[in-house]
Amino acid sequence: MTSSITLRSGVELPRVGFGTYKIPAADADEAVATALEVGYRHIDCAAMYGNERDVGRGIRASRVPRTDLFVTSKLDNPYHAVADVRPAFERSLSDLGLDYLDLYLIHWPLARSTDFVATWEAMSKLPATGLVRAVGVSNFTVAHLRAAIAGTGLVPEVNQVEVTPYLRQDELRAFHRENEILTEAWSPLARGRAVADPVVVALASQLGRTPAQVVLGWHLQRGDVVLPKSTRRERMVQNLNLFGFELSPEAMALLDALDSGERSGSDPDIVEVDGGRRS
Ligand code: A2P
């Protein structure tokens, strides 16, 4: 199994990224600096997380050369209007203190309250500015992807969605495969629930790995990118150290059987600009 993957456009990214969701602004700079120190080279951010300035400070403090890093951010919900897309993108760039982003995503489709197809068209114009290498979406369902592609002829390179052993998302992932869209899994540990699952704990003790490594290994063997979040150094190290073991087909099947359709975060058909829950 390789530790990086290449998008349709040729842009390459590490398959394990560091998630910054729910890291309080006061801790984000140290958490990101630690993540980079232990070897992460892919940082997943969002304006909505309210910590981009602090994440940016952590990146700068690490002194890792910019070209060795893969940094993603996301368009926040209030800025779906076509005229707002570029200013919102540039705000993230400036908050992070970076000259360019590697990937920029629409954070939520907001399909009932915004013209997300027009938003996607505006996003697609960003790589030509030279300020971002690739664009995509997040939390899009098959219906949202079909509408975005039909309306613009432009296929997102990435869809970052909730994927966990409890929410396998196989139909959506099959659509991604057919259309060469990379699946990135947010909250890959089901916000911590999966590390306490008896099936996972039993497999971990058989394999001599930690529960988190078993779950993250399951994701990687399915071909997805994972974005685990932790503020603890030893967990950051574990979550990155995933390439020296393989789950057997039987172990994969046991984990596959946990699928119940249960979400750990918000439902993309429910989140809207006002009043919707956020993730
Ligand atoms: P903490 O930040 O205290 O380490 P997800 O990435 O699915 O959203 O899960 C994040 C949650 O899982 C956080 O509560 C995090 O807690 C916890 N977590 C992350 N990595 C590990 C790990 N290796 N072992 C146990 N819990 C973990």
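Computed from heavy atoms alone, side chains included, the values below leave out hydrogens, waters and symmetry copies. Ligands are counted one by one from 1 in listed order, and the atoms in each one are counted from 1 as well.
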Next item on the list: Give the other cluster members for L227, using side-chain heavy-atom distances under 4.5 Å between Ile, Leu, Val, Met, Phe, Trp and Tyr residues; answer none if it is isolated.
Entry: I5, L7, V11, L13, F70, L103, L105, V158, L182, V225
Item checked: Residue list, ring-ring contact (aromatic ring centres under 6.0 Å, His included) with F89, at least two apart or on another chain -> Y104
Note to self: Going by side-chain hydrogen bond (donor to acceptor under 3.5 Å, both in side chains), name the pairs with one or both residues in residues 26-38, residues two or more places apart or in two chains.
What the structure shows: E37-R233
Margin query: Can you tell me how far apart CD1 (I43) and OG1 (T72) are? Round to the nearest 0.5 Å.
Written below: 9.5 Å
Check: Is the Y49 ring parallel, tilted or perpendicular to the Y21 ring (thresholds 30°, 60°)?
Finding: tilted
Next item on the list: Answer yes when D102 and R133 have at least one side-chain N-carboxylate O distance shorter than 4.0 Å, and no when they do not.
Entry: yes
List of N/O pairs, ligand 1 versus protein, all under 3.5 Å?
| residue | atom | partner | partner atom | Å |
| --- | --- | --- | --- | --- |
| ligand 1 | 2 (O) | K229 | NZ | 3.0 |
| ligand 1 | 2 (O) | T231 | N | 3.1 |
| ligand 1 | 2 (O) | T231 | OG1 | 3.4 |
| ligand 1 | 3 (O) | R235 | NH1 | 3.3 |
| ligand 1 | 4 (O) | S230 | OG | 2.5 |
| ligand 1 | 4 (O) | R235 | NH1 | 2.8 |
| ligand 1 | 6 (O) | K229 | N | 3.1 |
| ligand 1 | 7 (O) | S187 | O | 3.3 |
| ligand 1 | 7 (O) | P188 | N | 3.4 |
| ligand 1 | 7 (O) | L189 | N | 2.8 |
| ligand 1 | 7 (O) | A190 | N | 3.3 |
| ligand 1 | 7 (O) | R191 | N | 3.0 |
| ligand 1 | 8 (O) | S187 | OG | 3.0 |
| ligand 1 | 16 (O) | R235 | NH1 | 3.3 |
| ligand 1 | 20 (N) | N239 | ND2 | 3.0 |
| ligand 1 | 23 (N) | Q238 | OE1 | 2.9 |
| ligand 1 | 23 (N) | N239 | OD1 | 2.9 |

